[in-house]
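Count residues from 1 along the sequence. One-based numbering, in listed order, for ligands and for the atoms of each. Worth knowing before you read on, the calculation uses all heavy atoms, side chains too, and leaves out hydrogens, waters and symmetry mates.
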Amino acid sequence: MNRHTILKAANALLLAGVLSVTWFAGRAFHRMHVNDPIYPAPGLTEKILLSRYHSALRSGPADTEIYLFSGKEKGGRLLVLGGTHPNEPAGFLAAVLMVENLQVEKGDVWIIPRANRSGFTHNDPQEASPQRFVLTTAKGDRSFRFGSRLTNPVHQWPDPILHINPAGQVLSGSDSRNLNRAYPGKKEGVLTERTAFAIMELIRTEGIDLALDLHEAAPEYPVINAMVFHENSAELAAVALMDLQLQNMDFRLEESPPSLRGLSHREWGDHSEAASILLESANVSHGRLKGKTSASLIVEGRDKNYVRAAARGLLFVPFDEAGIPLKERVARHLAAVRSLTAGLGDMHPDREIILHRFPSPELVREKGAEACLAPPNQR
Ligand SMILES: [Zn+2]
């Protein structure tokens, strides 16, 4: 074999290697853009896409599913958002559990599990976050994407150095991709602002009475285990809190500061009639003190660093070796949605919403979200 032939063979080998790496990387990249399946309960009335409320989103990365459940009888109108921040899985899962179980007797319920759909297609850089976590149902595994707090830069780029959001607040450039800084949205804005505009249009055109945005935050963050309420819903938040305390679930009540602009609990309430509330649960995988970020950290919520931080009084929630597991965080969201919905009907009988087959917070708290998830590929 002469030198020329050896070189040709080496080149061919190198090319084959490069092509196979590219193929595997491309396949992994493509898979991140495919939605994990959600199996709606038989009570589903209609699956809608967000572009119904702003046609500029049609068929793009932000055109997310909305699940509508309508009762036979007219009543109140509820909107629930999960996945505003796709690295906060308790809110997303609470929304999924509602979609997979709910039957509505009276009123209408809109649920958006992946409010920032683009954010589910990537991870936060330099956080070494896992791409997925798995929950095991009686009939198989359900795997879910663990996404990023922000819209994927593949879909919205470049970030400005400073960003003035649609409510006029000056923010860091990357916050131009943060859905919960983009309200009330901008019709001709960047993708995240258009998404916020579409959600705002849904709230206005459907006459939503109660709009809930489900989040998680680090245990060292002061607004935690909290219900952040717009001043239009102070009484409702207080009524729901009393109900939740009777269920052994305490929440911190925080009034939405009028100077903090662009957030759901502020702008939804300022730009519509909807009672607007944001819920936060405590997630260690979100915090700065955590050890290795792994799928088990997301699901089990146990971390030694946080046990030490709690002993030194540095946290805003109690924290011990048992951690704060996903099942506890999802149960808190579900319980709050249930109590707020009941409170709305108690205060305004014409806005009553009667829910059947609501995923039980008690069952989720004891057995995990998997106890109420549909088995994979069964419907
Ligand atoms: Zn959040």
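You'll find the ring centres of Y221 and F316 outside the 6.0 Å limit. Taking the centre of each ring, H122 and H33 stay at or above the 6.0 Å mark. Between F120 and F146, the ring centre distance reaches or exceeds 6.0 Å.
Cation-pi geometry between R332 and F251 is met: the NZ or CZ atom falls under 6.0 Å from the ring centre, inside 45° of the normal.
For the Zn ion (ligand 1), protein N/O/S neighbours under 2.8 Å (waters excluded) are H85 ND1, E88 OE1, E88 OE2, H215 ND1.
Checking side-chain atoms of E105 against main-chain N and O of I354 turns up no donor-acceptor pair under 3.5 Å.
Residues Y67 and I199 fall into different hydrophobic clusters, defined by Ile, Leu, Val, Met, Phe, Trp and Tyr side chains chained together at heavy-atom separations under 4.5 Å.
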